[in-house]
Every structure is written in structure tokens, then in C-alpha cells.
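Notes to accompany the following structure.
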Amino acid sequence: WGQGFGIARPMPAAALANWILEWKQPAEWRVANRWPSGDLPLLTVEIDHVRWIRQLETVLMSDDETLPLPPTDPRDCRFGQWLRGDGRVRYSGIPAFEQVLERHLDAHRCGQELLTLRAESPVAARARISELHRCRTRLLDSLHHLHRAVMHLPA
């Protein structure tokens, strides 16, 4: 009853055992197996940042002044907390980490600027959301660059 279409079509219980014997994991899924467990937070902080951008975008697109703001101080969001804590401990010696720090600050500066503009002109703030998306893309590209750098370091 619980199976959807993510891995297979729903099937009768009697067919499950045979399906399990024949099923092969897609090659794309095997890439995740190459991540050292200590670097898995690179995935979770990416998700945190995308969530932060979505929350900010929701506020910017709405006329509802009561919507809660995501943390605007770069030290207060989950990504920023990771950067100052575990991220710094694990990656501070890697040049790509410095770029992640800069891009994170850029995203927060852009977000703050758009929130300030929203107070004056919501329409103008909405017209500049693409700037926020560019900051998101640059930060995620930097995270991916950091991951590639980590994967090429000696164990």
C-alpha cells in the first residue's frame, strides 16, 4: 500500500520477492556511496540554504507582513552555524571553503537588500528576485566545488 512510483510501480505482495531479486540500483544512485560520511553535511547544508532562499522568496512575493522572516544574519541561519562550526573545523584549510564563506555572505547581503527594498517598494523587490537566485546558484556551485576538492584530497 505504501509503495509509490519512486522505485517501482505498486505491485501485489506476492510479486515483491521476485522484484527484489531482479532489481538493480540505478548508476546515478551509486555516486552517493562515494561520499565519505564526514562530508555528508555538505548535502544537508545545501538543502538548508535552498530552504532559506525559498522562505525568503515567499516573504518577498507576499503582501502579508506577518509572515515570519528567515534568519537574516548570516550567523543565525543553519548554513551559517555550520560554516562557523563543523564546516570551519573540517574544511578551513581548503581554499574552496573560503569561497563558500564569501558566497554565503553575498546571499545574505542580497536577501537583506531585497527585504529593505520590499519595505519601500514590494514590486521593485520582486523584480529583483533573480539576483537572489544568482546568489543561490553561485553558493551551490561553490559548495559543489568544495566537494570536488575534498574528494581529491588524500585520505
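Predicted model, so just to flag it, every value in this text is computed and none were measured.
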Look at the side-chain heavy atoms of Ile, Leu, Val, Met, Phe, Trp and Tyr, link any pair under 4.5 Å apart, and say whether [X] and [Y] land in one connected group.
X: Val50; Y: Val100; answer: yes
X: Ile94; Y: Leu42; answer: yes
X: Leu69; Y: Leu114; answer: yes
X: Val89; Y: Tyr91; answer: no
X: Leu143; Y: Ile47; answer: no

Would you mind reporting whether [Y] and [X] have side-chain heavy atoms less than 4.5 Å apart?
X: Phe97; Y: Arg88; value: yes
X: Phe79; Y: Leu139; value: yes
X: Leu60; Y: Arg128; value: no
X: Glu131; Y: Cys135; value: no

If the threshold is 4.0 Å, N to carboxylate O, is there a salt bridge linking Arg103 and Asp141?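 The answer is no: the pair does not qualify as a salt bridge.
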Can Arg118 and Glu65 be counted as an ion pair, charged N to O under 4.0 angstrom?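 Yes, charged N to carboxylate O under 4.0 Å.
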Of all the heavy-atom pairs spanning [X] and [Y], show the shortest one and how long it is.
X: Val59; Y: Pro70; value: CG2-CD, 4.3 Å
X: Glu46; Y: His144; value: OE1-NE2, 3.0 Å
X: Asp76; Y: Gln81; value: O-NE2, 3.1 Å
X: Glu102; Y: Arg109; value: O-NH2, 4.4 Å
X: Trp52; Y: Cys77; value: CD1-CB, 4.2 Å
X: Gly93; Y: Pro95; value: O-CD, 3.7 Å

Carefully, step by step, assess Met61 and Ile129 under the rule side-chain contact (heavy atoms from CB on, under 4.5 Å). CA-CA 9 Å; Met61 294 302 291; Ile129 283 185; 3.2 Å; yes
Can you measure from [atom1] ([X]) to [atom2] ([Y]) and round to the nearest 0.5 angstrom?
X: His145; Y: His147; atom1: NE2; atom2: NE2; answer: 12.5 Å
X: Trp23; Y: Asn18; atom1: CH2; atom2: CG; answer: 15.0 Å
X: Leu105; Y: Leu83; atom1: CG; atom2: CG; answer: 8.5 Å

Exceeds 12 heavy-atom contacts within 6.0 angstrom, atom CZ of Arg78: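 No - once you tally the heavy atoms of other residues, nucleotides and ligands closer than 6.0 Å, there are 12 at most.
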Within a 6.0 Å radius of atom CZ on Arg54, are there more than 12 heavy atoms belonging to other residues, nucleotides or ligands?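 Check fails, neighbour count at 12 or below.
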Can you classify the ring geometry of His108 versus His104 as parallel (below 30°), tilted (30 to 60°) or perpendicular (above 60°)?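 Geometry flag for His104 against His108: perpendicular rings.
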Between Arg136 and Ile53, is there a donor-acceptor pair closer than 3.5 Å when you use the side chain of the first and the backbone of the second?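 No; zero donor-acceptor contacts below 3.5 Å.
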Do Gln112 side-chain atoms and Thr72 backbone N/O form a donor-acceptor pair below 3.5 Å?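 Yes, Gln112 side chain to Thr72 backbone: donor-acceptor pair under 3.5 Å.
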